[in-house]
**Student:** 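Below is the structure I would like to discuss, written out as C-alpha cells.
Indexing begins at 1, ligand by ligand and atom by atom, following the structure's order.
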Amino acid sequence: METRIFKLNEIDQAAQAIKDGQLVAFPTETVYGLGADATNEAAVKNVYLAKGRPSDNPLIVHVASIEMVERYAAEIPNSARQLMKVFWPGSLTIILKIKPGSLSKTVTGGLATVAFRYPDCQPTLDLILKAGVPIVGPSANTSGKPSPTTAQHVFHDLNGKIFGILDNGPTRVGVESTVLDLSTPQPAILRPGAVTKAQIESVIGSIDLDQHHVGTNETPKAPGMKYRHYAPKADMTLVEGDMDKVVAYINDQTKKAEAEGKKVGIICTEESRDLYPDGNLEVIGSREHEETVAHNLFAVLRDFDARKVDCIFSESFSKDQLGQAIMNRLCKAAGYHIINV
Ligand code: AMP
Ligand code: MG
C-alpha cells in the first residue's frame, strides 16, 4: 500500500480514515504527528507498530476543545485551566490524572495520567473536530530518528506503513511541544519545547525542569526520556565553548576525519558560515533568531542523512528561552557526545 497524501481540501477524507481506524499523519505547528483515534485500541496499537515505538512510551492526546479534556481527565486543576487559557491553542502539552478506565492502557503506557495538547494549527483542529474524537499523535517518524517537519519526512519514514498524510507544508515551530506534568504537587517540565519555562512560571509560579540524562536502569517521569532520540545516522559531536575556539576545533577535527577518508558534515549558523569549508555545511539558522534554528533543526539532521555523511560536528547554543529546547534536541541527537573546548 502506497501511503496517500491528503491535500488541505481533503480533510474530510482524512477524518473519515481516522474514524475507520486508519493511521493518518497530520501537521501541527511543532512537528508532524502520527494520528489515530485515541478511543480505538487497535488503531493505537498500530501507531506503536508503524513507528517501532516501545510500548511503555505513552502518547500525547490531541484535542480541539477543553470539553474533550474533561472527558478523560479525572480533574482539571486551576493551574491547568490558567495555562490552557494563556497557551492553548499552542505548543504546551499538559499531563493530568486520568479518569480511570476512560482511555486504554495502550495510550497511557499503563500510567495513571494522560498528556493533552491543543495544537495551534487549524487543519489539525479541523481534522480532530471532523473525526469527532481526540487523536493520539506521537511524532510521525521512525522511533529514534529526527522528528518530521514536512510531509516528505513522514513519507520517507512511514510510506507503506500508514494510510495517509495530511500535507500542510513545513511546520512553523520545528521542535516538539513543551511537556509539563501537572499530575504531581510540584509541576515539572519533562521535555522543554517552544513554550519556555519562564513563560509558564509567569502564569503559575515556580516549576521544576527535569533535564538530567536518564540512565538505562532508571525509571524516568516521561517514559520517552530513556530512549534514544532524534538521532541522525552519522556520529554527531556537539561542540561548546567560545566561538573562535569552537570554529578552530571543528575545522581541525574535520581535516583529521577527512584525512581518514570520512565524509564530514558541519552544522553552523549564518554568522559562522564563512569560517568553514563550503562543501560540508548545513546552515541551521541565525543566532539572532533562534526561531529559525528550531525551525530548521530536524531538516538539517535529515539532510545529512541523505548526504550520507559519516560524522557531524555541530555548534551549540545558549540554553536560555527557546535555546533550552534546541540544546535538548541537539544533545540527544549527539547521544550526549559533547566536547567543551
Ligand atoms: P512524542 O510522542 O514523540 O511527541 O513524545 C511525547 C513525550 O511525552 C514522550 O517523551 C512521552 O514519554 C511523554 N509523555 C506522554 N504521555 C505522558 C504521560 N502520561 N506521562 C509522562 N510522560 C508522557
Ligand atoms: Mg517523538
**Student:** What atoms of ligand 1 come within less than 4.0 Å of a heavy atom belonging to I60?
**Tutor:**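 Those of ligand 1 that fall under 4.0 Å from I60 are 6 (C).
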**Student:** Taking only heavy atoms of A222 into account, list the atoms of ligand 1 that are under 4.0 Å away from them.
**Tutor:**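 Listed by number with element, the hits are 12 (O), 21 (C), 22 (N).
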**Student:** Once you measure the plane-to-plane angle for F313 and Y249, does it fall in the parallel (<30°), tilted (30-60°) or perpendicular (>60°) bin?
**Tutor:**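 Perpendicular.
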**Student:** Could you find the nearest protein heavy atom to atom 21 (C) of ligand 1 and give me its residue, atom name and distance?
**Tutor:**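 Residue, atom and distance for the closest contact: I95 CD1, 3.3 Å.
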**Student:** If you have a sec, work out which protein heavy atom is nearest atom 8 (O) of ligand 1 and how many Å separate them, to one decimal?
**Tutor:**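 Checked against all protein heavy atoms, atom 8 (O) of ligand 1 sits closest to V179 CG2, 3.9 Å.
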**Student:** Short list, please: which atoms of ligand 1 are under 4.0 Å from a heavy atom of R53?
**Tutor:**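 By the 4.0 Å cutoff, the relevant atoms are 1 (P), 2 (O), 3 (O), 5 (O).
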**Student:** Which residue owns the protein heavy atom closest to atom 17 (C) of ligand 1, what's the atom, and how far is it?
**Tutor:**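 Among all protein heavy atoms, the one nearest atom 17 (C) of ligand 1 is P58 CG, 3.4 Å.
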**Student:** Within a distance under 4.0 Å of any heavy atom of P138, pick out the atoms of ligand 1 and give their elements.
**Tutor:**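 Answer, ordered by atom number: 2 (O).
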**Student:** Which protein non-hydrogen atom lies closest to atom 19 (N) of ligand 1, naming both residue and atom, and how far is it?
**Tutor:**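 The answer is T113 OG1, 3.0 Å.
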**Student:** Just to confirm my output: which protein heavy-atom neighbour is closest to atom 7 (C) of ligand 1, and how far is it?
**Tutor:**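 Minimum-distance protein heavy atom for atom 7 (C) of ligand 1 reads R191 NH1, 3.9 Å.
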**Student:** Would you indicate whether the side-chain heavy atoms of D167 and T150 approach each other to under 4.5 Å?
**Tutor:**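 No, their side chains stay 4.5 Å or more apart.
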**Student:** Show which atoms of ligand 1 fall inside a sub-4.0 Å distance from at least one heavy-atom site of L111.
**Tutor:**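 Those qualifying, in numeric order: 18 (C), 19 (N), 20 (N).
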**Student:** Side-chain contact, heavy-atom cut-off 4.5 Å: T28 with F26?
**Tutor:**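 Of all side-chain heavy-atom pairs linking F26 with T28, at least one is under 4.5 Å.
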**Student:** Which of the atoms of ligand 1 are close to N57, meaning less than 4.0 Å from one of its heavy atoms?
**Tutor:**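 Counting from 1, the qualifying ligand atoms are 9 (C), 11 (C), 12 (O).
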**Student:** What protein heavy atom is closest to atom 10 (O) of ligand 1, reported as residue, atom name and distance in Å?
**Tutor:**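 Its nearest protein heavy-atom neighbour is G224 CA, 3.4 Å.
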**Student:** Near the Mg ion (ligand 2), meaning under 2.8 Å, how many protein N/O/S atoms are there?
**Tutor:**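 Step by step: take the Mg ion (ligand 2), keep protein N, O, S below 2.8 Å, and you get 1.
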